[in-house]
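One structure is given here, and the rest of the page talks about it.
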Protein chains: 2
Amino acid sequence: MKIGELAKKLNCTVETIRYYEKIGLIPPSVRDQNNNYRHYNQNHIERLSFVRHCRALAMSHEEILELLTAREQDGASCEKIDLVIDNHLKHVSDRISELQQLEKQLHTLRKQCKTPGANQECGIIQELDSPIDSNIQGLKNSNHVSGSH
Amino acid sequence: MKIGELAKKLNCTVETIRYYEKIGLIPPSVRDQNNNYRHYNQNHIERLSFVRHCRALAMSHEEILELLTAREQDGASCEKIDLVIDNHLKHVSDRISELQQLEKQLHTLRKQCKTPGANQECGIIQELDSPIDSNIQGLKNSNHVSGSH
DNA sequence: TAAACACCCTGAAGTGGCTTTAGGGTCAAG
DNA sequence: CTTGACCCTAAAGCCACTTCAGGGTGTTTA
């Protein structure tokens with residue numbers, strides 16, 4: 001299977017697949033000796049499928065590598081696997097809480113503009129001009145609604 | 001006021017302030033002619049305070065610039081301002097929904113590991129190995145619980 | 001047979017919002 | 001006169017890709 005076909009099958013771009021190979025998230029592809037095209041076998045497909053599945057669940061590459069390592073340690077218990085999932089789940093839950101707090105604050109801010117008119121009197125701008133309060137300062141690590149890790 | 005004092009006052013790092021100046025999010029500081037140290041007046045402080053307030057609400061630099069521009073157009077109505085806030089609020093709400101969907105999926109996945117034992121039989125790994133289903137594919141644009149935009 | 005078009009390749013740079021690193025200069029206190 | 005807190009710059013690193021520039025390959029159709 002060539003890279004374009006694989007990309008379609010797994011709903012990602014060819015660039016992403018080449019990138020994963022480059023950083024070692026998937027093993028090197030086999031190359032066609034004539035034209036240097038990448039070719040993929042069932043093993044590759046399964047591995048990439050696993051990775052994409054994890055990414056769809058918003059796991060980081062680091063977390064995915066931990067899962068892959070844990071999986072390959074035959075006979076080991078799945079405690080490590082559970083731990084990775086639990087930790088990730090906590091990241092997601094925490095991020096949801098943060099965003100919900102943010103949502104509240106934005107609703108409150110939005111209501112400040114009661115009487116649309118000249119912007120100097122806009123309650124929103126007045127509010128944003130005022131000193132930062134401690135509630136809002138609480139959300140330090142958020143770069144634009146992103147980054148649970 | 002020197003940069004360190006300003007950073008403390010606004011609860012951010014000196015590096016962040018220098019970075020904002022570099023990318024033009026705040027106007028250039030006044031320099032001490034002797035030692036080239038940055039100095040800030042009330043205008044600078046208010047502007048940076050505004051920017052930090054917006055960032056605490058997870059707005060992007062682009063959104064902040066839109067607000068700053070709208071604010072400076074004297075006499076214009078605050079429709080633009082409202083629009084920026086409304087759009088941003090929608091980003092946040094949408095991201096919350098996505099993360100909640102993710103949270104559900106992760107809970108379901110976590111439950112697959114009912115009987116902790118040898119990892120080959122771990123339901124989690126089995127699930128992640130299986131083909132990606134269309135529900136999960138729905139969350140395409142998420143890079144690790146981040147990026148509402 | 002040649003041109004069009006879809007597909008493949010590489011390496012480097014760009015994205016956002018900073019943070020970190022490396023290598024310095026300045027200034028007040030002891 | 002040295003210690004330590006503060007200041008400066010330019011460049012690289014972070015994450016997970018995406019985009020760009022420039023080129024090769026392979027099939028199909030005029």
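Below, chains carry the letters A, B, ... as their sequence lines are ordered, and counting in each starts from 1. For clarity, every value in this text was computed on a predicted model and none was experimentally measured.
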Checklist entry - Going hydrophobic residue to hydrophobic residue with side-chain gaps under 4.5 angstrom, can you get from M1(A) over to I26(A)? => result yes
Checklist entry - Going by distance alone, is a donor N or O of one side chain under 3.5 Å from an acceptor N or O of the other, for Y20(B) and R47(B)? => result no
Item to check | Atom-pair distance (CD1 on I3(B); C1' on dG25(C)), nearest Å | outcome: 16 Å
Checklist entry - If you count the non-hydrogen atoms of other residues, nucleotides and ligands that lie under 6.0 Å from CD in E62(A), is the total more than 12? => result no
Next on the checklist: By nearest heavy atom, map N35(A) and V14(B) onto DNA chain D; which one lands nearer the 5' end?
Outcome noted: V14(B)
Checklist entry - Is it the case that H44(A) and N41(A) place a side-chain donor and acceptor less than 3.5 Å from each other? => result yes
Checklist entry - OP1, OP2 of dT19(C) versus side-chain N and O of T13(B): anything below 4.0 Å? => result yes
Next on the checklist: Regarding R38(A), tell me which of base, sugar-phosphate or nothing describes its non-hydrogen contacts under 4.0 Å with the strands shown.
Outcome noted: sugar-phosphate
Checklist outcome for this item: Comparing nearest nucleotides in DNA chain D, the 5'-proximal residue of the pair H61(A), K8(B) is K8(B)
Next on the checklist: Here's a test of your reading of the structure: between L25(B) and H39(A), which maps to the more 5' nucleotide of DNA chain C?
Outcome noted: H39(A)
Checklist entry - Hey, is the side chain of Y19(B) pairing donor to acceptor with the base of dG16(C) inside 3.5 Å? => result no
Checklist entry - Looking at the side chain of Y37(B), which of dC6(D), dC7(C), dT19(C) is the nearest nucleotide? => result dC6(D)
Checklist entry - Taking atom P of dC18(C) as reference, at what distance in whole Å does atom CG of N11(B) sit? => result 13 Å
Next on the checklist: If the cut-off is 4.0 Å, is R18(A) near the phosphate of dT10(C), judged by side-chain N/O to OP1 or OP2?
Outcome noted: no
Checklist entry - Whole Å only: how far is the NZ atom of K22(B) from the P atom of dC8(D)? => result 14 Å
Next on the checklist: With a 4.0 Å limit, can you tell me whether T16(B) has a side-chain N or O closer than that to the phosphate oxygens OP1/OP2 of dG17(C)?
Outcome noted: no
Next on the checklist: I'd like to know if Y20(B) reaches the base of dG17(C) with its side chain such that a donor and an acceptor end up less than 3.5 angstrom apart.
Outcome noted: no
Next on the checklist: If you only use heavy atoms from C-beta on, which nucleotide in dC18(C), dT26(C), dA16(D) is closest to the side chain of R55(A)?
Outcome noted: dA16(D)
Checklist entry - Can you find a heavy atom in the side chain of M59(A) that is under 4.5 Å from one in the side chain of L67(A)? => result yes
Next on the checklist: So I23(B), base contact, sugar-phosphate only, or nothing? Heavy-atom distance under 4.0 Å.
Outcome noted: nothing
Checklist entry - Within this structure, what is the CZ-to-P distance between R31(A) and dT25(D), rounded to whole angstrom? => result 14 Å
